[in-house]
Undergrad: 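This is the structure I want to talk about, given as structure tokens.
Hydrogens, waters and symmetry mates are skipped; everything else that's a heavy atom, side chains included, is used. So that the names make sense, note that chain A is the first sequence line, chain B the second, and so on, each numbered from 1.
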2 protein chains.
Amino acid sequence: MSARRLARILTRMYAEEMEGQMEPAQFGLLQMMEHMQHCTQAGLANALYMDKTTVSRDVAVMKKRGWVEGGRGGLRVTPIGRRLLADAMPHWQRAQKRLRKALGDDGWQALFAAMRAVDYEASA
Amino acid sequence: MSARRLARILTRMYAEEMEGQMEPAQFGLLQMMEHMQHCTQAGLANALYMDKTTVSRDVAVMKKRGWVEGGRGGLRVTPIGRRLLADAMPHWQRAQKRLRKALGDDGWQALFAAMRAVDYEASA
DNA sequence: GGTTATAAGTTGTATGTGCAACTTCCTGTC
DNA sequence: GACAGGAAGTTGCACATACAACTTATAACC
């Protein structure tokens with residue numbers, strides 16, 4: 001199952017570049033929350049193709065840490081969370097750069113094209 | 001982390017097509033074992049970019065079921081395992097077809113190109 | 001306000017996975 | 001044969017994830 005292998009490889013790489021700053025999964029959730037603004041957990045789960053229980057639990061942890069607040073359609077990133085996100089950004093960008101370098105421009109485009117296509121299939 | 005989302009989407013899709021015949025992970029392991037012939041668990045783990053403990057546990061389950069036997073460099077698929085693999089093949093092929101249809105030829109090539117590139121990065 | 005339906009969210013439980021530490025086995029050297 | 005080193009493989013523990021069942025909150029309607 002190559003897609004899972006792909007995910008494992010990429011996750012490890014991102015985790016390395018993040019240097020314990022933040023788990024890749026948390027980063028993804030925070031980023032999506034910031035993007036969606038005042039969202040529901042259900043919406044998050046759909047957007048990230050995650051199970052709502054996983055989202056519920058991850059969000060609970062982040063709430064406890066003060067990174068996010070609200071709920072029932074009013075979930076949003078706190079200033080603390082926002083600062084963490086900003087701090088983690090350079091690391092994430094370094095990971096992106098590393099990946100892009102490894103793949104080359106064509107490979108990079110191919111990866112994102114493939115992901116978009118799979119997204120489309122998943123929402124059909 | 002889009003790669004994880006990709007993996008989740010694909011895993012679900014393959015699981016659907018497999019119809020409980022066999023877990024996608026097991027299929028992947030069995031297939032790789034059949035391909036490698038008389039392999040080590042460590043070799044499997046490397047090939048699939050899996051953690052050796054996970055491989056150890058998965059292989060233990062499959063041994064118990066009589067799907068595989070041997071070890072210490074002599075791991076191989078039993079006739080039972082081979083038959084299961086053959087039975088699962090049409091399902092897996094259907095999943096591949098479905099994915100290919102969804103992605104289109106370009107997207108299909110892009111996905112595999114991306115995976116090969118990431119593989120290359122992971123082994124560097 | 002009361003009722004109903006449904007979406008949002010949580011809890012219980014089971015399974016899968018990975019890190020660290022450990023054990024076993026094999027190979028090479030003397 | 002004895003010993004050492006390293007590879008192969010296992011175990012303990014913690015965390016991540018998902019299915020099913022359940023609870024809570026919200027919106028619509030009367």
Side-chain angles (χ1 to χ4, degrees), chain A residues 1-16 18-20 22-30 32-33 36-65 68-76 122, chain B residues 1-16 18-20 22-30 32-33 36-65 68-76 122:
Chain A
M1 209 22 255
S2 298
R4 287 164 84 166
R5 188 172 60 183
L6 173 66
R8 283 191 293 263
I9 294 169
L10 293 189
T11 299
R12 281 194 203 170
M13 196 194 75
Y14 274 85
E16 277 170 27
M18 288 293 198
E19 292 175 340
M22 192 186 290
E23 289 299 313
Q26 286 168 340
F27 185 80
L29 273 166
L30 265 192
M32 184 58 74
M33 273 189 256
M36 287 172 86
Q37 294 283 333
H38 283 257
C39 53
T40 62
Q41 285 177 207
L44 269 186
N46 281 334
L48 296 170
Y49 210 73
M50 288 170 74
D51 191 85
K52 65 184 170 165
T53 54
T54 306
V55 170
S56 174
R57 287 176 167 128
D58 287 349
V59 167
V61 167
M62 289 194 273
K63 270 188 183 173
K64 202 171 199 173
R65 291 177 180 169
V68 301
E69 67 190 356
R72 291 278 166 183
L75 204 50
R76 60 196 168 271
Chain B
M1 205 32 248
S2 299
R4 288 165 84 167
R5 186 172 59 181
L6 173 66
R8 284 191 291 265
I9 293 169
L10 293 190
T11 300
R12 282 193 204 173
M13 197 194 75
Y14 274 82
E16 275 170 28
M18 290 292 197
E19 291 175 338
M22 192 185 290
E23 290 298 313
Q26 286 168 342
F27 184 81
L29 272 167
L30 265 192
M32 184 57 75
M33 273 188 257
M36 289 172 85
Q37 293 285 332
H38 283 258
C39 55
T40 63
Q41 287 177 201
L44 270 186
N46 281 334
L48 295 172
Y49 211 73
M50 285 170 77
D51 192 85
K52 62 183 175 165
T53 57
T54 306
V55 170
S56 174
R57 288 175 169 126
D58 287 350
V59 166
V61 167
M62 289 194 275
K63 271 188 183 172
K64 201 169 201 178
R65 291 175 179 169
V68 301
E69 65 190 356
R72 290 278 167 182
L75 203 49
R76 61 196 169 272

Undergrad: If we ignore hydrogens and angles and just use 3.5 Å, is the side chain of A/Arg76 paired with the main-chain N or O of A/Gly74 as donor and acceptor?
TA: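 Yes, because the side chain of A/Arg76 sits within donor-acceptor range (under 3.5 Å) of the backbone of A/Gly74.
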
Undergrad: CG of B/Leu29 versus P of C/dG16: gap in Å, rounded?
TA: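 Nearest whole value for this atom pair: 12 Å.
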
Undergrad: Would you say the side chain of A/Arg72 and the base of D/dT24 hold a donor-acceptor pair, judged only by whether the two atoms sit under 3.5 Å apart?
TA: yes

Undergrad: Which whole-number value in Å describes the distance from B/Leu75 CG to C/dC26 C1'?
TA: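 It is 17 Å, rounded to the nearest whole Å.
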
Undergrad: Between B/Gln41 and D/dT10, is there a contact of a side-chain N or O with OP1 or OP2 at under 4.0 Å?
TA: yes

Undergrad: In residues 53-63 of chain A, which residues come under 4.0 Å of DNA chain D by heavy atom?
TA: A/Thr53, A/Thr54, A/Arg57, A/Asp58

Undergrad: Can you confirm whether B/Val61 sits close enough to B/Arg57 that some side-chain heavy atom of one is under 4.5 Å from a side-chain heavy atom of the other?
TA: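 With C-beta onward as the side chain, the pair stays apart.
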
Undergrad: Is A/Gln26 close to A/Asp58 at the side-chain level, that is, under 4.5 Å between some pair of heavy atoms?
TA: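 No, their side chains stay 4.5 Å or more apart.
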
Undergrad: Any non-hydrogen side-chain atom of B/Gln41 less than 4.5 Å from a side-chain atom of B/Lys52?
TA: no

Undergrad: I need the OH-C1' distance between A/Tyr49 and D/dA18, as an integer number of Å.
TA: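 In whole Å, D/dA18 C1' and A/Tyr49 OH are 13 Å from each other.
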
Undergrad: What is the distance, to the nearest angstrom, from the NZ atom on A/Lys64 to the P atom on C/dT10?
TA: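 Nearest whole value for this atom pair: 13 Å.
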
Undergrad: For the pair made of CD in B/Glu23 and C1' in C/dT17, what is the distance, rounded to whole Å?
TA: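 For the pair B/Glu23 CD and C/dT17 C1', the rounded distance is 14 Å.
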
Undergrad: Measure the spacing between CG of B/Leu75 and CE of B/Met32 and express it to the nearest 0.5 Å.
TA: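 Here the interatomic distance stands at 13.0 Å.
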
Undergrad: What's the angle between the local helix axes at either end of the helix from C/dG1-D/dC30 to C/dC30-D/dG1, using five pairs per end and rounding to 10 degrees?
TA: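 Comparing the axis at each end, I get an angle of 10°.
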
Undergrad: Given atom CG of A/Asp51 and atom C1' of D/dA21, what is their separation to the nearest angstrom?
TA: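 Interatomic distance, CG of A/Asp51 to C1' of D/dA21: 13 Å.
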
Undergrad: Using atom NZ of A/Lys52 as one end and atom P of C/dG12 as the other, report the distance to the nearest whole Å.
TA: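 One finds 16 Å between P of C/dG12 and NZ of A/Lys52, rounded.
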
Undergrad: Here's a test of your reading of the structure: between A/Gly71 and B/Met50, which maps to the more 5' nucleotide of DNA chain C?
TA: A/Gly71

Undergrad: Roughly how far, to the nearest 0.5 Å, is the CG atom of B/Leu48 from the CE atom of B/Met36?
TA: 8.0 Å

Undergrad: Main chain of A/Asp51, side chain of B/Arg8: is a donor-acceptor contact present, judged purely on distance under 3.5 Å?
TA: no

Undergrad: In Å and rounded to the nearest 0.5 Å, what is the OG1 to CG distance from A/Thr54 to A/Leu29?
TA: 9.5 Å

Undergrad: Expressed in angstrom and rounded to an integer, what is the separation of A/Arg8 atom CZ from C/dG16 atom P?
TA: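 Result: 14 Å.
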
Undergrad: Do A/Met50 and A/Leu44 come close enough that some side-chain heavy atom pair is under 4.5 Å?
TA: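 Counting from C-beta outward, A/Met50 and A/Leu44 never come under 4.5 Å.
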
